[in-house]
Amino acid sequence: MTPDRADVLIVGGGLAGSLVALAVAARDASRRITVVDSGAPQEGQSDSHTWSFHDTDLSPDAARWIAPAVAHRWPGQEVRFPSYARRLRAGYASLTSQSLRAAVEALPMVTRLPGRATAIGAAGAQLHDGSRIDAPCVIDATGRVPRGYLTLGWQKFVGVERQTARPHGRALPIIMDATVDQRDGYRFVYTLPFAPDRILIEDTRYSDGPALDHASFEAGIEDYARAQGWDGTEARREHGVLPIAMAFDAEAFWADAAAGPVPVGMRAGLFHPVTGYSLPLAARAADIIAAAMLESPVSTASVMAAMRRFALETADRQRFLRLLSRMLFRGAAPPARRKVLERFYRLPEPLIERFYAGDLTRADQARILLGRPPIPIRDALPCLREAPLLEDLRRKRAT
Amino acid sequence: MARIAFLMPPYRSHAAVHGALAARLAGRGHEVIFVGPPALQPHAQREGAGFQPFRGPAQAGRIGGGPAGFARLLRDTARATRAHALDGPAALRAARADIAVVDEMEPGGSLAADAAGVPRVTLAASLPLRRDPGMPPPYVGWDWREGEDGVRRAEGAWRVSDWLMTAQRRALAEGCRLHGLPVRDRPSDWIGAEGSVAQWIAALDFPRPQPVGPVVGPIRRPVAAAADPPLFDGAPYVFASLGTIAGGRLRLFTVIARAARLAGVNVAVAHCGGLSPAQAAALTAIWPGRIDVRAFFDQLPAIRGAAAVVTHGGLNTVLDAAGFGVPMVALPLGNDQNGIAARLRRAGAAITLSPRRVTPDSLAAAIASVTTDPRWRAALDPARAEIAAAGGADAAADAVEGALR
Ligand SMILES: Cc1cc2nc3c(=O)[nH]c(=O)nc-3n(C[C@H](O)[C@H](O)[C@H](O)COP(=O)(O)OP(=O)(O)OC[C@H]3O[C@@H](n4cnc5c(N)ncnc54)[C@H](O)[C@@H]3O)c2cc1C
């Protein structure tokens, strides 16, 4: 099979692009898919990834087709705060760059090529070596956040996977250990025990600015490891600067994207506004695309229409999550952010699960806001409206 | 051969007991590891045990300092227990412990062991926590009261105690929920299935319907065979110590030195590092040549050779003195020392004085009485006999090995 005869061209074989390939292949094994990936991380992002999700984030369908890409699973997770710790029942799982890539490469009708696109259009992509790949359906999964349409805060982290000299003793992930000292906004440590003597330790901070001071994060990781006697060697490292959305002009973004390739993943602003995670939405988007492709003939336009509908609905449903982000970043002083999160984690588990999945009900929203407001009402009021931020964005885009 | 973990509050008095037991078990071929927050590390080092850390306080809760100090101590206690509840289980797994020896005073250690599925033996290094009828909390200095009245009084005291320990109880309850254990939030709920291996002997205790567990008496390292030259060249002396926690009480040491001079007897003062060199020198100057001030003596020989012991009434010092039949004057400073003093009074085994009201005169009179009246020494006979038969570190090691099978 040669790439220029593909039905679908996916530019960017990171998380979102790979999930589209997996979902499409699961629905219709005869689709010819070409994935082009530059292999070079974008500025500020690392090429080594651990992508994690809660079992409750995915539909049963998605859980099935993502399974071959899963590298680790755990039967639950924990959160820890200064005066509250809790085990959460939802199972947790991780994909790694390797496991995801291997799952995609195992698909018979998928070709994964190295190559950097210099221009991507609705009908194909121009590669850096001058060659061109055309396809009836082109998907842009290059991961770059459309910053002009978003008002952002940042979740920054550095993770070190450590081979410990002796067993570390941890059995479950701790997705937020906020008992550590607070610096640089809201800080917590995230740990994933991959094996009895392997553990990923991530120092994470919710900060106002995207600058990543590696040395400070390394020191935080080292302190945490040393306190538990986890001597050992570094096996791998990853880092990230994830966007937290306070405002998103989705209408404008999709209007401007109409004539191009179908954006997915971060490229489409499809991430959780409070956690910066994109896997649950990428999986849903992949399902939507796979469903749209069942109608032949497949075209960029038909997939675009389905994605646009899904993305606008999503952006609308995320209104409340963006409000929470505004409260966290604009309403709460950095030291108060931890309290907001601690309170949140005292809520019932089904609500927490729906929060991660981005599926909060109206009752959930009321409960988060009214039961015990995350921040004092006085501080919350100025955050309530998204419109002023959208206005700012519009002005900036115009100039 | 087993890997044996030891969990305890990071106080020297507790660590010394665990250390002696650990040394005995190590002598039998086991591997011994102290498991705790950073504050425990120096103790592990001193006691020659391995160390498995977990995240938690770097310093022991400070004892003393009035009501504010007490509130702080309660908070620190709860914090240490919470650290055990959160990170103790992983640390026990990391240490690959086959069994845990857990001090009754750190119930978080027992919680950690249960959460990690590691069998455990509890150790009462201080007064046992078991709530027998009429038994007041250890740090209450009440004299024993027989009958219903005493039972009711003790229950009331425990209610207050439970209320004071609310923060620690919360930490325990939270830890239980976190690890899916049935909620037990009082320290006494965590006493081991076979009771606790206890240092404190029945002869000096308030009456209990049955023993709290294997009562083994003082758990000590063997006394060095080649002893130092005898203190004061073999002349009679009083040994005085206020313990490792409250070593810095210059005023009391001064009263003790003056009292010794009034009573005309040499005195060896162990200040446990609580006095500066200048303060120690000032103390010596009270009666040059007759006062020997040091941070630490080789304590067992020093007590064995003494005519009497002036003590804060810490459990270890009291048991050591009782074991050698050396009469005591007790000046309880806090903690369980009030409870110990009340038990000594009931057994007629010591003169107890209030450290706040004691004067050189009253202390001199007490020293003169215990050193000259043979009835004080005789009153310790039952205690001495019980300790001699109880087995100490060996019996404790047997109990731990018994739980391994
Ligand atoms: C280290 C890290 C850990 C994360 N962990 C999680 C997590 O646990 N759970 C979660 O839900 N989210 C997580 N995220 C957030 C988010 O899910 C990721 O950022 C995710 O990778 C975004 O997916 P994407 O496909 O949109 O972008 P990416 O995964 O970044 O993929 C973009 C791909 O496109 C390629 N590319 C870019 N430009 C070109 C070009 N011009 N031509 C060809 N190829 C190109 C890149 O090489 C890259 O492989 C994490 C992010 C990071 C950085």
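Below, chains carry the letters A, B, ... as their sequence lines are ordered, and counting in each starts from 1. Here the structure is a predicted model, which means the values were calculated and not measured.
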For the residue pair A:Tyr84 and A:Tyr345, is the inter-centroid distance of their aromatic rings smaller than 6.0 Å? no

Filtered by a 4.5 Å non-hydrogen cutoff, the part of residues 185-198 of chain A contacting chain B is none

Could you name the residues of residues 156-166 of chain A that have a heavy atom within less than 4.5 Å of a heavy atom in chain B? A:Arg166

Close contacts, residues 351-359 of chain A versus chain B, judged by heavy atoms under 4.5 Å: none

Could you tell me whether A:Arg337 and A:Asp208 have a side-chain N and a carboxylate O separated by less than 4.0 Å? yes

Is B:Asp189 salt-bridged to B:Arg186, cutoff N-O under 4.0 Å? yes

Exactly one of A:His72, A:Arg236, A:Glu202 should register a side-chain hydrogen bond (donor to acceptor under 3.5 Å, both in side chains) with A:Thr50. Which one does? A:Arg236

For B:Arg170, is it the side chain, the backbone, both or neither that has a heavy atom under 4.5 Å from a heavy atom of chain A? neither

I need the minimum non-hydrogen distance between B:Pro138 and B:Trp158, along with the two atoms involved. CD-CH2, 3.9 Å

A:Leu328 vs A:Tyr206 side-chain heavy atoms within contact, under 4.5 Å: yes

Salt-bridge criterion met for B:Arg120 and B:Asp114 (N-O under 4.0 Å): yes

Using a 4.5 Å cut-off on heavy atoms from C-beta on, say whether the side chain of A:Asp57 contacts that of A:Leu279. no

Under 4.5 Å to a heavy atom of chain A? For B:Arg79 that would be neither

So B:Pro53 and A:Gln228, do their side chains get closer than 4.5 Å, heavy atoms only? no

With a 4.5 angstrom heavy-atom cut-off, is it the side chain or the backbone of B:Arg177 that approaches chain A, or both, or neither? neither

Any carboxylate oxygen within less than 4.0 angstrom of a Lys/Arg side-chain nitrogen, looking at B:Asp87 and A:Arg170? yes

Are B:Arg82 and B:Glu174 side-chain neighbours, meaning at least one heavy-atom pair lies under 4.5 Å? yes

With heavy-atom distances below 4.5 Å as the criterion, would you say the side chains of B:Arg3 and B:His30 are in contact? no

Under the rule for salt bridge (Lys or Arg N to Asp or Glu O under 4.0 Å), what residues qualify as partners of A:Arg87, not counting sequence neighbours? A:Glu78

With side chains defined as the heavy atoms from C-beta onward, is the minimum distance between B:Glu106 and B:Leu7 less than 4.5 Å? no

